[in-house]
Amino acid sequence: MILFILFSTITVKAFDTPNDGGGSITIKAYNVPETVKKALVYRKTEGDTTYTLAGVMSILSYRYVDADSTIKNGKPYYYRVDFYFPDTVISVVSDSPGIAYAQWYDKSKTSSLIFLIVFSTLVLVFIQLAKKDPEGLYIRKIPALDAIDEAVGRSTELGKPTFFVHGLLGITDAGTLAALTILRRVAKKVAEYDTPILVTNFDPIVMTASQETVKQAYTEAGRPDAYNEKNIIYLTYEQFGYTAGVDGLMVREKPGAIFLQGYFFAESLILAETGHSVGAIQIAGTTAKEQLPFFVAACDYVLIGEEMLAASSYIGREPVMLGSVKGADWGKAFLMGIIGIGVVLGTVGAILQSAGNGALMNVFEKILAFF
Amino acid sequence: MGFWDRFLKIDRRWVFLVVWIAVVIPLLKPLGLPTHITPPVKKLYDYIDRMEGEDKAVFLSFDFDPSTMPELLPMGVAIIRHCFAKKIPIIVYGGLYPQFVGMAKMAIDMAKTDFPDIVYGKDYVFLGYVPGLSLVILSIGESIQGTFGNDYFGNRLDTLPLTMHVDNYEKIGIVVDLSGSSIPASWVAYAYQRYGCRIGCGTTAVSAAQYYPYLQTGQFVGMLGGLKGAAEYEELLERNGIPTGRRTATIGMDAQSVVHLLIILLIILGNIGYFYVRRRERRA
Amino acid sequence: MHISTNPWVWIAAILTLAIYSFLYKDNPFYKFAEHLFMGLSIGYGAVVLWYNSIIPRLWNPLAHGTSPSRFYLLIPIAIGLLSFGIFSKKYSWLIKYPLAFSVGAYAGFSIPVTFEASIFEQISGTILTKQMMATPWLAISNLIMFVGVITTITYFYFSKHHKGLLGKSARTGIVFLMLAFGASFGYTVMARISLLIGRMQFLLHDWLGIIK
Amino acid sequence: MLKKQIPLAITFITGVIIVITFFIPHPPFGRLQQDALTWYSVIFGFTMLLGVDSLVRFHYRKLRRREKGWWFSIIFYGGFLLSFITGVVSEVRFGDAFNINSSFMYFYNTILIPLQSTMFALLAFFIASASYRAFRARNIDATFLLVTAVIVMLGRVPVGYMLWHKLPNLTSWILNVLQLGPMRGIMIGIALGTVAMSLRLILGIERTYLS
C-alpha cells in the first residue's frame, strides 16, 4: 500500500520541445523513485486504439525527446510511460497531450543575439564615424609590421632574396586572409627595392590569390614589368612534404628575410629553426596559439594572434578598416566590463549571502547562467 | 674565432647525435628514477579501485590514433590491467572515429597476458566503431545494446552477461576517455552533464594544460597527463601488487628526464655563448 | 636479443630508419620514405573524404533519396566544379564563385559559433564564482588568472596609445603572455620527446628485441 | 561585374542568411542553415580535391619531363594507389573500409602510422638543435618565456621532483593559473578579431580573397 502511494505520485508531462523547428515533443517524468530500472515511452495519436513504442526514457534525466518522423506539427499526441521497478511495472499516462510547434525564435540563443547586435553595431557605427572623420583615427604601433621595410631592406643590401611562406590553411581562414594583406605590403617593398621574392604555397587556391596579390603590388609600385609568376610556387598539399620543400629552398637560396605567415602546425619549429640557421631576419605571424611559443623564441618579430588580424587595418590605414578595429576594441571594453561587473557582483553577493541576504547572489547566478 | 664562436656554429648533427644517445642509453640501462605520484592520477586510480566489488563497470574509450600512441596507449593498458586484477567489469570502446579501434585492440592484447582467468563477455567486452560521434555518447545514455547491437567480434550484446547487465550510464561507474583532442570535453558535455556519469581522462602532455580547469571544477574525477601520467599509474599498480607487464611509460620516463635535462643544458649553453659573443662585439 | 620475425615490423623499422637518415643529410632513402608517406596519406585522405563525405552527403541522398529537394545538391556540385577553372588562364576567375560562397558561408557560421564556443565560454570561466574563492590560496590563484585575462586583452587593444594605465596593463599582459607561452613550450617539447621515445622503444624492443 | 560585384553579392547574401537562420528554428529557415552547411562541405570538398589534384599533376609533370628525382614520383603514385585501391577493395569486401580486418586498415596501422609518428618524432631533434641555436633570451620577454619553459620541463619529469619536491606542484600551478589567464585573453582576442574579420568579409570591406 505504501509502495502504491509512492508510485502513484509519478507524473508525466508531454510538451512541445522548445526552440526547435517543430516535429518533436518532449516527455518528462516527475517524482520518479530512484529504484526505477527502465522506462519505456509509448505514443498514440487521435484515432489510434493502442499505444506504440516510441523509445527509452533516460532514467537519470527522466526526459525523452520524441522526434519521430511521423510526428506532425499541430496534432495532439498522447503518451504513456511504463516504469519498470524490480518487482512491478507502473504505467503513467501524460496528463495532457503534447503538440509540436515550430518556433520562430530560438530563445536559447538570446545571449548570442544580444552580443551579435552590440558587436555589429559597434563595428558599423565606428566604420561610419571613421568615414566622416578619418583624421581622428589611431592605431597603436605593431613592431612586427613596422619591421617589414627593415627586413626587406636588409635583405636587399645583402643581395639575398626575400621569402614569404604561407601557412597550411585555405583561404577561408582569417589568418590566411591576413597573410595575403601582409604579402601585398612585402611584395610592394620588394618591387620598390627591386630585389627577388619567393612565395611558397600549400594550397592551390591561396597560390592563385597570391599571384594576383603580388602582381597588383608590383603594379602599385610602378614596376609591372618586373613581376614574374614563377616566383610564386606551389609546393605540395601535404604537411611534411611542404616543410621539407620550404626547408630545402631556404638552405639553397639563403634568403635575407623570411616571412612565416598564416596558420601553422607542428612544422612551425622546423621552419623557424632552419630560417634562423641561414641567418635571415624572421617575421612570423599566426593565430595558432600552440605554435606561438616557438615563433616567439626563434623569430625576430612575431604577430601574436589578433595582431595579425589587425594587419590589414594597420597596413592599409583605410578609415573603414581602422573603424572596424576600433569597433572591435569597444567590443573588448564591453566584454571586460561584463567580466568586471560579474566579479564585483559575485564577490559582493557572496559576502551579502554569508550575511544572510541571497538576493544579489541570485542575480549573479542568473547572469552566469545567461552564458 | 674563440671557443664560443665555434660552439655556436657547431654542426647541428652533433646535437642530433647527443639527443640520440640521451634517448637510447636510459632505454638500454634504465636509471630507475623514482616516480612521484600526483593528485590527479591518484584520484583516478582510487576512484577505479573503489569500484571493486561494486555492481558497476568501467567504460574505457580509446579516442586517439597512432600519432599520440606513445603517451596514451600505456594508460589504456594500465587501466585495463587494473580492472582485470580487481575483477572490475570493463567495457573497452574502440573510439568515436573508425581509425581508433586498432589502438584499443592493441591495448587489450597487451593487458591480457598476465590474467589467464579473465573471461570475455563476463569480465570485459570490446565495442567497435559505430558512426555518430557525440550522438553515440548520448545514445549510450539510452542503451548500449541499442547503440551498438553487436560487439567488435560480432556477438550480439544481449547475449553477453556483462552487456546484458550494463546497458547505460546507470551501471557505468566511470567513463575514462583517452584522447589528445577535444573529445574528452564531449564526454563531459554529454555523458556527465546530461546523464551524471563520472568522467576520467587520459590525455597528452600538450592537451593536459587545457583540461586542468575540468579537474578544478570536478568535471573530471582525475586525469593522466602525458607519459608521466601513464608512468604514475603503472607505479600505483606496482605498489598495489598488480602485474604491470612491461612498464613502457616508466621506462620511457627515464629517457624523458635525461632528454629534458639535455635540452635545458643546450638552452643555457647556447645563451651563454650568445651573451658572450654579444658582449664582445659591443666592446669592439 | 629477440629480433622480430614479423615482416611488417621489419618494413616499419626500415621506413623509420629511412626517415631518421634525414638527420644526417637529405638522401634517397629519406626521399623514398617521404614520397611513400605522402602518397599513402593523400590516398588515405581521399578514401576518408570519399566514405565520410561524398558517400553519405552526396551519393546516398542523390542515388537512394526520395525527397525532391535532393536535386538541390547538384547546385553546390556545379559551383564546386567551377574551382577547376584555375587550371586555365582564361577562366581562372570562375573560382571566385565557389570562393565567394565558401568565404561567405564560413564567415556566417563563424560569427555565432565564435560567440558561443569561444567568447561566452571563456568569459563565464573568468567570472569568479564562490567555489573559485573557497580557500585563500584558490582565491589568490584565481585573482591572478583574472588579472592575466584582463591584461592580455588590453594588450590586444589597438585604437589607443599604450601609455598610462593602459600601457602598464598591456605591458603586464605581455609578461603574462610570455609566461603562458613558456608553459606551453615546455609541454610541447615534452610531447615531441615522448613520441621519439615511442619510436625508439619500437626499434629497440619490438624490432631488435634488445630491451625488455 | 562578373568578376567582382556578383561574387561580393554572393558572399554577402550567404553570410547574412546563415547568421540570421542561426536564430530561427522555424522551417524553412532552420533547415536552410543545415543545407548551407552541406553545400559548404560539398564545395569545400572540391577545394580539397583541387589540392590533391594539384599534387597529382605536380608529380605527373615531374615524371613526364624526367625532372631530377622523377622516380620518387613513381613511389608517390605507388603509395597513393596502394592506399586508394585497398580502401576501395576493403569497402567492397567488408562494407566498410575502416574495418579492422581490412587490408586498408592494415596498411594504415603498419605503414602509415609508423611513418607519421616518426615524422613527428623528428621534431624532438629539431627542438634540441633550436634550443642551442635559436632560443635566445634576446630581451626580458624572451627570458620569461625560456625560464618558464625550463621550469615546466623540469617539473614534469622525476628529476624535477628530486631537485625540489615542490617543483611538480609549482608546475601544475603555472599550468593551471599562469597559463590559463593569458590563453583565455588570447582566445577572446582571436575570437573578436575573427568576428570583426567575418563582418568585414560579409560587408565586402575585406576583399583580398577576390583580388
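Predicted model, so just to flag it, every value in this text is computed and none were measured. Chain naming here is simple, since letters A, B, ... match the order of the sequence lines and numbering starts at 1 in each.
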Tell me, side chain or backbone of [X] under 4.5 Å from chain C's heavy atoms, or both, or neither?
X         : value
Leu178(D) : both
Ile127(D) : side chain
Val177(D) : both
Leu115(D) : both

Nearest 0.5 Å please: distance from the [atom1] atom of [X] over to the [atom2] atom of [Y].
X        : Y         : atom1 : atom2 : answer
Leu40(C) : Phe84(D)  : CG    : CZ    : 13.5 Å
Thr11(D) : Lys96(C)  : OG1   : NZ    : 11.5 Å
Phe22(C) : Phe125(D) : CZ    : CZ    : 12.5 Å
Leu36(C) : Phe80(D)  : CG    : CZ    : 13.5 Å
Met38(C) : Met119(D) : CE    : CE    : 9.0 Å

Tell me if the aromatic rings of Phe144(D) and Phe181(C) count as close, with their centers under 6.0 Å from one another.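 That pair fails the under 6.0 Å test.
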
Tell me, which pairs form a side-chain hydrogen bond (donor to acceptor under 3.5 Å, both in side chains) where one or both residues lie in residues 183-196 of chain C, sequence neighbours left out?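 The answer is Gln256(B)-Ser194(C), Tyr187(C)-Arg156(D).
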
Residue pairs involving residues 106-115 of chain C (criterion side-chain hydrogen bond (donor to acceptor under 3.5 Å, both in side chains); sequence neighbours excluded):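 Qualifying pairs, neighbours excluded: Ser110(C)-Ser198(D).
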
Quick one: sort the His35(C) and Phe72(D) rings into parallel, tilted or perpendicular, breaks at 30° and 60°.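 Plane angle under 30°, so parallel.
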
Within the 4.5 Å heavy-atom criterion, are Asp35(D) and Tyr72(C) side-chain neighbours or not?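 Counting from C-beta outward, Asp35(D) and Tyr72(C) never come under 4.5 Å.
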
Please classify the contact between Leu23(C) and chain D as side chain, backbone, both or neither, with a heavy-atom cut-off of under 4.5 Å.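 For Leu23(C), the side chain is the part near chain D, not the backbone.
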
